[in-house]
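Report on the following structure.
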Amino acid sequence: MSLVLDLLIYAVAWTHVLLSPYTKVEESFNLHAIHDLLLFGGRPDALQKFDHKVFPGAIPRSFVGSIIVAWLSNYIARLANDLSLINSKFDLQIVTLCLLRRAVARRFGRLTSLLFTLITVSQVQVPFWMGRTLPNMLALPFVNIALCLLLDRGSRAGRTSITCASWAVALLTFAAVVIRMEIAGLLGLFAIQLLSDGTLSITRLVKVGIVSGLVSIGLTVSIDSYFWGQWPLWPEFSSIYFNVYEGKSAEWGVSPFWTYFSTFLPRLLMVTLVFIPFGFARNARIRSLVQPAIGFVFLMSFLGHKEWRFVVYVVPILNIAAAHGAQSFIRQRKGSLLGLLAFLVVVGALALNTTATVLFTRASMANYPGGHALARLNERYKKTPHVHVHIANLAAQSGASLFLHTHAPPYRSRLGILPPFAAAARPWIYNKTENLTPADIAYNSPFTHVIAENRDALPPGRWQVVDVIDGFRGLRVRTDVLRLVSEKGLEGLWRVLEVEKDNKLWIFERRGE
Ligand SMILES: *[C@@H]1O[C@H](CO)[C@@H](O)[C@H](O)[C@H]1NC(C)=O
């Protein structure tokens, strides 16, 4: 049973990655850092070739998470001798969820653990993003393990042991200092909780905080100063300085105060959030987890710029509460008509989540036209000895990552990354130079191919469209439900909600002059 649940988490998460294997711009720093670490290695002379030197972002990010993933991927890739777009951080992520599931089982019983698993996999955001190199998702495993430590206790009645609590504090400190500074808010609230219920003394807390803080700062400063070539550099600190102190994050857009509660949490937790209050009301242990989580979301609400990923760490906590709530809901009225009803409500909520997730997944599969465009270009011209392709901004931001530069160096035979036959003679060039005018591209350029953002980007005399890539435009609800069903039977129901697509990218080929 236990193994089945772990496998379920595994299978759902992999399905999401396999269905949408490409990545977006927010994930690209870590993805490219992993790419560069894997293929160039970390020696000083290799650093100049790294993507972050060629295209530095607005603010430096830490390499530490990427190094962990690259290191793990390196071994896995060597084993498989085959590098795919999927990386092993993903496995780490799944493992922490499985650990958490076990901790829930030990603490709250099998039924709660079963419900926790079902709730988690029925939702969209966490399973979908788990396999992706978003910094927040690199931080999530650390938060999950900390949560396990806080949950897991030998006996049901005893409190968290001092050792477990100290490790939890140390892990949260590490995650905050190195990967995502906002976790400091969660850490602070959990620390208050641990102090007030007497698990940790103030001296112990301060000691653990200072030691783990200094170790983490030492780690990130030494590693990131090296990779970014600036001394001293503490990426998360400069990010907070830039975004919060200088108020730059507001430039990314400001949302109303309650957005996390009114929009993002419902989107993350979906229908099953209705069970959270039941879990909260019935169990003191759940309250001790949920209070800091909600407090954290409240604190984060004071920042103008809001994104779901800034508060994603509370999802497992709130799912535990929801699972416990649903469990008590079913248990209490077992055997009666009301009990059957309660059971149906839980099943119905899970079914609603799953339906929405399937729809979202269909939409998001259409959301990476850049990845599809580059994959098609690679396939179409795989026998062509030399291609110099210009990749437009939209394509670069919607999936055209360095992992798709299959016909150009770097290669590493040790990882099974070899030049394709045609490219061996003269490597292709994937050129992402920004701000070129159409005339630059059409006439004064070395390009043989262009992935462009519109049909008329290039003069038809010299350039010919060879392929068009569609992408997501919107969802449309079909009103002719009866006709659909009468035509297609039950499959018609599936089509009631239609993913509408638009032409997004055009692949051009230069004609002989
Ligand atoms: C990419 O294109 C730009 C603009 O034509 C050109 O200046 C640059 O040299 C190209 N890069 C490579 C690696 O050929």
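None of the values given here were measured: they were computed from a predicted structure. Read the numbers this way: they start at 1 and go in the same order the structure lists the ligands and their atoms.
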Counting only heavy atoms not in Phe257, do more than 12 fall under 6.0 Å of its CZ?
-> yes
Do Lys504 and Glu453 meet the salt-bridge criterion of a basic N to acidic O distance under 4.0 Å?
-> no
Between Lys382 and Glu379, is the closest basic N to carboxylate O distance under 4.0 Å?
-> yes
Could you tell me whether the side chains of Asn136 and Glu307 share a donor-acceptor contact shorter than 3.5 Å?
-> no
Check ligand 1 for close polar pairs with the protein: N or O on both sides, less than 3.5 Å.
residue, atom, partner, partner atom, Å
ligand 1, 2 (O), Asn431, OD1, 3.4
ligand 1, 2 (O), Asn431, ND2, 2.4
ligand 1, 11 (N), Asn431, ND2, 2.8

Taking only residues two or more places apart in sequence or in another chain, which ones pass side chain to side chain donor-acceptor pair (under 3.5 Å) with Ser445?
-> Arg510
Are any non-hydrogen side-chain atoms of Phe29 and Pro135 less than 4.5 angstrom apart?
-> no
